[in-house]
Participant: 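My structure is below; once you've seen it, I'll send some questions.
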Amino acid sequence: MNTYYWSNRNRFLSHLRFATALLLAGFAVVFVSAPTPASARDQVPFRAAFGTEVQIEFVYPFFYISVTGQGNASHMGATTAVTDSQVVNVIDGTATATYTLTGANGDTVILDMIFQTTFLPNNAVTFEGTYSVTGGTGRFYGATGSGDLAGSAFITGPNTAIGSFSVAGTISSPGHNR
C-alpha cells in the first residue's frame with residue numbers, strides 16, 4: 001500500500017507543478033501584453049499655442065472659467081484646447097485648470113495646470129505656471145510629461161474675454177504609449 005500512496009502522491013505533485021507552471025506562464029503573458037507606462041527617457045519636446053475664447057462666471061472669491069481654443073501642438077498638428085474647470089481665486093491670484101487637447105485625428109492629451117494670475121488695470125490678466133501631462137487617448141494613451149505655461153486674456157464683456165496661452169516642455173514619446 002505504501003507503493004500506491006507514493007505513486008499517487010508523485011502523480012499529484014506532478015500535476016501541481018504543471019498547474020503552477022501554467023499559471024505562471026499565464027501571468028507572464030498578461031504582464032508582457034499590458035501597456036507599459038512611458039519612462040523619463042521616452043520624453044520628447046512638446047509645445048503648443050492657442051488663441052482662446054473665454055466664458056466667465058464670478059462667485060466671490062472665484063472666477064469659474066470655460067475656455068475653447070484653436071491652435072497647434074507638437075505631435076498633434078491642428079489642435080483644440082477645451083476646459084470647463086478653470087478656477088481663479090481673485091484674492092491671491094492662484095488658479096488651476098484641466099485642459100483636454102484634441103488633435104485633428106481625435107487623439108487627446110490631458111493637461112493639469114497650476115498657475116498664478118496677475119490682474120492688470122486695463123481689463124487684462126496675465127498668467128504663468130506649470131502643466132503636467134496626466135494621460136490621453138490614441139497615440140497618447142498613458143502619456144506623461146510636464147513643462148511651463150504662460151498666457152494672457154483681455155476682458156471684452158461682463159462675462160467674456162479673449163486670450164491666448166502656450167505650453168513648452170516635454171511629453172512621453174508618441175507611439176511608445178501602447
Participant: So which heavy atom on Phe119 is nearest to which on Gly93, and how close?
Facilitator: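 What the structure gives for the nearest pair is CE1-CA, 4.5 Å.
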Participant: Who pairs with Val87 by side chain to side chain contact (heavy atoms under 4.5 Å, CB included), at least two apart in sequence or on another chain?
Facilitator: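 In terms of side chain to side chain contact (heavy atoms under 4.5 Å, CB included), with neighbours along the sequence ignored, Val87 is linked to Phe62, Tyr64, Thr96.
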Participant: Show the nearest heavy-atom pair for residues Ala48 and Ala73, with the distance to one decimal.
Facilitator: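 The answer is CB-CB, 3.6 Å.
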Participant: What are the two closest heavy atoms between Asp107 and Gly138, and how far apart are they?
Facilitator: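 The pair with the smallest heavy-atom distance is OD1-CA, 3.4 Å.
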Participant: Please name the pair of heavy atoms, one in Ser172 and one in Ala143, separated by the smallest distance, quoted to 0.1 Å.
Facilitator: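 Result for this residue pair: OG-CA, 3.1 Å.
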Participant: What distance separates Thr144 OG1 from Asp42 CG, expressed to the nearest 0.5 Å?
Facilitator: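 One gets 8.0 Å once the value is rounded to the nearest 0.5 Å.
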Participant: When rounded to the nearest 0.5 angstrom, what is the spacing between CZ in Arg47 and CG in Asp148?
Facilitator: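 If we round to the nearest 0.5 Å, Arg47:CZ and Asp148:CG are 10.0 Å apart.
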Participant: CG of Leu120 to OG of Ser152: how many Å apart, nearest 0.5 Å?
Facilitator: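 Going from CG on Leu120 over to OG on Ser152, the span is 9.0 Å.
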Participant: Could I get the full list of side-chain hydrogen bond (donor to acceptor under 3.5 Å, both in side chains) partners for Thr102, not counting sequence neighbours?
Facilitator: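 None.
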Participant: Under 3.5 Å, is there a donor-acceptor pair between the side chain of Thr108 and the main chain of Thr137?
Facilitator: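 Confirmed, Thr108 side chain pairs with Thr137 backbone.
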Participant: Only pairs at least two apart or in different chains count here, so list each side-chain hydrogen bond (donor to acceptor under 3.5 Å, both in side chains) that has a residue in residues 111-131.
Facilitator: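 Of all non-adjacent pairs touching residues 111-131, those that pass side-chain hydrogen bond (donor to acceptor under 3.5 Å, both in side chains) are Thr98-Asp112.
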Participant: Which atom pairs, one a donor and one an acceptor, fall under 3.5 Å between side chains of residues 153-169 and the rest of the protein, sequence neighbours left out?
Facilitator:
residue	atom	partner	partner atom	Å
Thr156	OG1	Thr160	O	3.4
Thr156	OG1	Thr160	OG1	2.9
Thr160	OG1	Gly157	N	3.3

Participant: Which residue pairs pass the side-chain hydrogen bond (donor to acceptor under 3.5 Å, both in side chains) test with at least one member in residues 68-86, sequence neighbours excluded?
Facilitator: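 Every side-chain hydrogen bond (donor to acceptor under 3.5 Å, both in side chains) pair that includes a residue of residues 68-86, provided the two are not neighbours, is Thr83-Ser85, Gln86-Tyr99.
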